[in-house]
Amino acid sequence: MTTPLLHVEQLTMKFGGLTAVDAVSFTAERHDITAIIGPNGAGKTTLFNCLTGFYRPTSGALTLTHDLGEYLLERMEGHQIAHQARVARTFQNIRLFEGMTVLENLLVAQHHKLMRASSFLIGGIFKLPSYRHAEEEAVMLATKWLEEVGMADKADWLAGNLPYGDQRRLEIARAMCTDPRMLCLDEPAAGLNPRESAELNQLIKNIRDQHGCGVLLIEHDMSVVMNISDHVVVLDYGKKIAEGTADEVRNNPDVIRAYLGDDEEEEA
Amino acid sequence: MSWRLSHDGLREVLMVMMVAMLLLLPMVGLRTVDSSSGLGIDLHIAAVFWAVLLIGLGKKSLVAARENIPVIAYPAACVMLLSGFLAPLPTGFLEFFALAGGFICLTNAILMTLRGGRPISKNSFGEGMDVVATKIQAATPQVAWVMFAIVVALPFVFPDRYVLDVSILILTYIMLGWGLNIIVGLAGLLDLGYVAFYAVGAYSYALLAINFDLSFWVCLPLAGILAAFGGLLLGFPVLRLRGDYFAIVTLGFGEIIRVVLINWYQVTGGPDGINSVPRPSFFGLAEFTRRPSGDLPAFHEMFGLDYSSIHRIIFLYYLILVLALVVNFLSVRLRKMPIGRAWEAMREDEIACKSLGLNRTNLKLMAFMISATFGGFAGAFFATKQGFISPESFTFIESAIILAIVVLGGMGSQLGIVIATLLVIGLPEIFRDLELYRMLTFGIGMVLVMVWRPRGLLAVREPSIRLHGLHGKGAKS
């Protein structure tokens with residue numbers, strides 16, 4: 001049996017007296033889309049923040065294994081997780097560099113590659129051929145991703161001027177430009193109309209199938225979750241209450257209770 | 001066309017006059033004087049009367065212009081302007097106020113007529129300024145070449161001590177502005193203590209040159225390196241801070257350096273400063289003195305010229321010009337390099353940067369070190385130009401002026417900084433004739449610029465790279 005891409009063991013995150021994530025364990029496979037769902041306040045985003053180094057977990061282990069090596073995420077700094085362990089993420093409230101153009105956004109994502117090529121400063125200042133070559137390649141990669149998300153004609157737009165749906169997709173393209181092994185999407189379909197949402201499903205599937213990148217997904221839109229996820233993890237009050245394929249989870253009584261509430265809770 | 005102000009307009013005028021009276025009565029009307037019997041109070045009712053009258057006139061003109069009643073707007077403005085010359089105003093300041101106010105009201109009235117009676121809103125005026133700024137910015141390369149030609153030719157056209165001294169001062173501040181722009185404009189960190197690096201550069205040069213007898217050309221890079229080290233020193237403790245807190249710490253750093261310079265008497269000479277800082281030689285080949293003391297020949301003999309003290313000034317002028325251009329070249333390049341883009345990204349959103357694997361610590365330290373190096377170069381130049389340095393030259397006001405230049409120019413714009421320096425450093429020089437009111441006019445000018453162009457003179461950001469060429473679709477949006 002091969003090791004899974006991501007192995008979360010007994011992850012706990014406490015803020016003072018509040019336990020936002022409580023001893024959650026699950027695994028995510030390399031060529032899977034793993035969805036994390038749950039009612040509001042279930043601890044999904046906290047889990048994401050632990051994974052991507054924005055929070056340091058109170059206890060538990062996060063192990064990421066891929067072709068570049070094995071990484072213990074809970075011990076790494078945020079920027080190392082992105083740069084070395086190759087975990088990329090998007091944000092629930094879009095975080096683009098709004099005053100910069102679309103192309104620049106995608107080039108910032110390829111910073112490390114370009115910095116090495118610019119020999120940290122000298123190559124860039126004197127525009128050595130190796131640097132120019134690397135920059136052309138970076139622009140090509142950026143263009144490829146722009147085409148993938150259907151925004152090739154908007155490369156020179158300011159990111160802040162893009163329509164909402166484009167901003168969402170640009171954020172995904174930017175994350176993919178870091179050449180990740182695992183992509184964490186925090187509610188990518190929020191605010192999208194049904195057509196855009198369907199396009200997004202296709203995009204996420206492509207990322208899984210063609211780029212060998214595992215996808216971890218937080219989503220409220222059940223049409224997205226049920227359509228594309230290979231594996232669903234359900235959280236409620238910080239605890240994992242169910243796990244399985246979309247169909248299994250849909251019929252799980254605990255999940256139904258968590259989402260719709262049972263009689264007692266309604267009275268309370 | 002109406003001949004009278006509307007009721008609301010009239011009420012507005014009266015309100016303004018009343019507020020003016022209430023404020024001015026205690027502030028202007030009562031003045032304490034020393035008399036034989038102790039402290040007495042003089043009444044200056046006339047000054048208050050005239051001030052309130054002038055304010056009322058000005059406001060009436062402005063309101064009339066807004067309500068499109070030229071028969072009131074023009075006369076009121078003219079009366080205000082004329083009273084500056086004719087009326088028996090009790091103080092010189094009131095005369096100045098009447099002249100300036102009358103001029104502004106008249107301009108306002110004329111602008112109203114030109115716009116066909118449509119009221120001039122702040123917004124439409126601002127839009128007009130935007131168009132002008134965008135045009136200047138689009139023509140940046142041409143403007144830059146014209147400016148370059150002018151500054152290169154200047155010493156031959158005006159071989160005048162005063163003109164060159166002012167130009168050297170302006171060029172120094174341009175260089176400092178470009179240097180600070182890396183921290184403030186690109187990396188988006190508000191640094192209130194930039195003068196510290198300037199001071200480190202100046203003292204490094206002075207001390208190295210005096211104690212170790214090193215030449216300017218050896219000391220210049222050393223001063224830059226030492227200033228960069230200063231940047232590193234400041235960088236480490238402030239890395240975790242953001243926004244206001246960051247600004248306060250940099251402010252403190254600037255003061256610490258100054259206090260150290262004052263109190264480290266054995267090394268820096270304390271408040272006495274350092275005298276007889278060595279002047280630069282002509283690339284180590286000749287000296288700019290009539291009779292050289294060392295083994296170097298004199299510059300004028302080397303080139304077969306008559307001795308003139310202006311040679312040194314011209315040399316210094318070109319020296320600072322070259323230094324400034326080097327700083328400009330490097331900053332323009334840095335901005336288009338990955339590190340420049342990362343700085344700008346950090347200014348936009350630090351959290352997103354972290355999620356993309358950018359190491360903010362390193363990026364901030366780099367910004368500080370590079371920026372400090374430029375400040376150090378400028379400091380070394382300052383020391384060699386003045387020949388004398390003391391902590392007096394490195395007070396907070398210097399940091400504030402450099403910061404004002406960067407902010408006024410429009411954060412991140414190289415050309416904007418040049419224009420802003422001309423305004424901030426050049427204008428007070430031109431207004432020397434106004435004597436007492438020099439700083440007042442300067443202050444008014446700054447306020448007006450900030451009212452009309454709150455994001456700086458040239459605030460449109462030029463992308464560091466374009467996919468579809470300069471006229472790419474949507475590039476302007």
Side-chain angles (χ1 to χ4, degrees), chain A residues 52-54 77-84 86-91 95-105 107-115 117-118 120-121 123-127 131 134-135 138-139 142-143 146 152-161 171 174-175 177-178 184, chain B residues 182 185-186 188 326-327 329-364 366-367 369-370 373 410-412 455 459-477:
Chain A
T52 47
F54 281 82
E77 293 284 333
H79 66 89
Q80 290 175 329
I81 290 181
H83 170 44
Q84 291 167 3
R86 302 298 175 96
V87 178
R89 73 169 293 178
T90 65
F91 295 87
R95 283 184 175 275
L96 289 171
F97 306 124
E98 295 190 352
M100 301 170 80
T101 66
V102 169
L103 182 60
E104 285 175 314
N105 267 273
L107 289 184
V108 169
Q110 304 176 53
H111 177 74
H112 288 283
K113 206 165 62 185
L114 286 169
M115 272 306 262
S118 74
F120 292 90
L121 286 182
I125 286 173
F126 297 109
K127 284 201 176 163
Y131 169 66
E135 197 177 57
V139 171
T143 320
L146 282 181
D153 52 334
K154 293 177 182 162
D156 291 332
W157 280 45
L158 283 187
N161 291 351
E171 209 188 13
R174 188 180 67 180
C177 275
T178 61
C184 302
Chain B
I182 290 177
L186 293 186
V326 167
V327 168
F329 170 78
L330 289 178
S331 359
V332 169
R333 271 289 156 83
L334 282 172
R335 200 178 89 85
K336 300 199 169 187
M337 276 164 52
I339 188 153
R341 276 194 287 267
W343 283 333
E344 289 197 87
M346 200 167 60
R347 178 188 68 196
E348 300 270 327
D349 193 329
E350 286 204 19
I351 290 179
C353 279
K354 188 172 167 184
S355 83
L356 295 175
L358 304 191
N359 186 341
R360 290 169 301 169
T361 313
N362 288 355
L363 285 172
K364 282 185 190 174
M366 288 272 259
M369 288 178 65
I370 292 174
T373 310
M411 310 256 259
R455 290 174 60 227
V460 184
R461 181 181 169 276
E462 180 69 14
S464 64
I465 188 168
R466 286 181 196 274
L467 194 61
H468 297 306
L470 206 60
H471 302 287
K473 192 176 146 197
K476 289 241 167 64
S477 60

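Quick note on labels: first sequence line is chain A, next is B, and so on, each numbered from 1.
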Worksheet, complete the sentence: Residue from Arg89(A), Gln80(A), Met100(A) scoring the most non-hydrogen pairs under 4.5 Å with chain B is Met100(A)

Worksheet item: How far apart are the C-alpha atoms of Glu104(A) and Ile465(B), what are their side-chain angles, what is the distance that settles it, and do they pass the side chain to side chain contact (heavy atoms under 4.5 Å, CB included) test?
Response: CA-CA 7 Å; Glu104(A) 285 175 314; Ile465(B) 188 168; 4.0 Å; yes

Practice prompt. Apply the test side chain to side chain contact (heavy atoms under 4.5 Å, CB included) to residues His79(A) and Leu363(B): give CA-CA distance (whole Å), side-chain angles for both, the deciding distance (0.1 Å), then the verdict.
Written response: CA-CA 12 Å; His79(A) 66 89; Leu363(B) 285 172; over 6 Å; no

Worksheet item: Does any non-hydrogen side-chain atom of Glu348(B) lie less than 4.5 Å from one of Glu98(A)?
Response: yes

Fill in: Side-chain touch Asn359(B)/His83(A), heavy atoms, less than 4.5 angstrom
no

Practice prompt. Against chain A, work out which of Arg341(B), Met346(B), Arg347(B) has the most heavy-atom pairs shorter than 4.5 Å and name it.
Written response: Arg341(B)

Worksheet, complete the sentence: The side chain to side chain donor-acceptor pair (under 3.5 Å) partners of Ser331(B) (sequence neighbours excluded) come to none

Worksheet entry | Separation between CD of Glu135(A) and CE of Met337(B), rounded to the nearest 0.5 Å | 10.0 Å

Contacts table for residues 350-358 of chain B: side-chain donor-acceptor under 3.5 angstrom, sequence neighbours left out:
unit_1, atom_1, unit_2, atom_2, d
Glu350(B), OE1, Arg360(B), NH1, 3.2
Ser355(B), OG, Ala352(B), O, 2.8

Worksheet item: Side chain, backbone, both or neither: which part of Thr90(A) has a heavy atom under 4.5 Å from chain B?
Response: neither

Fill in: Part of Ala152(A) lying under 4.5 Å from any heavy atom of chain B
backbone

Worksheet item: What part of Arg174(A) lies closer than 4.5 angstrom to a heavy atom of chain B: side chain, backbone, both or neither?
Response: both

Practice prompt. Pick one of side chain, backbone, both or neither for Tyr131(A), based on which atoms fall under 4.5 Å of a heavy atom in chain B.
Written response: side chain

Item to complete: Against chain B, label Thr52(A) side chain, backbone, both or neither, depending on which of its atoms sit under 4.5 Å from a heavy atom there.
Response: neither

Worksheet item: Relative to chain B, which segment of Val108(A) carries a heavy atom at a distance below 4.5 Å: side chain, backbone, both, or neither?
Response: both

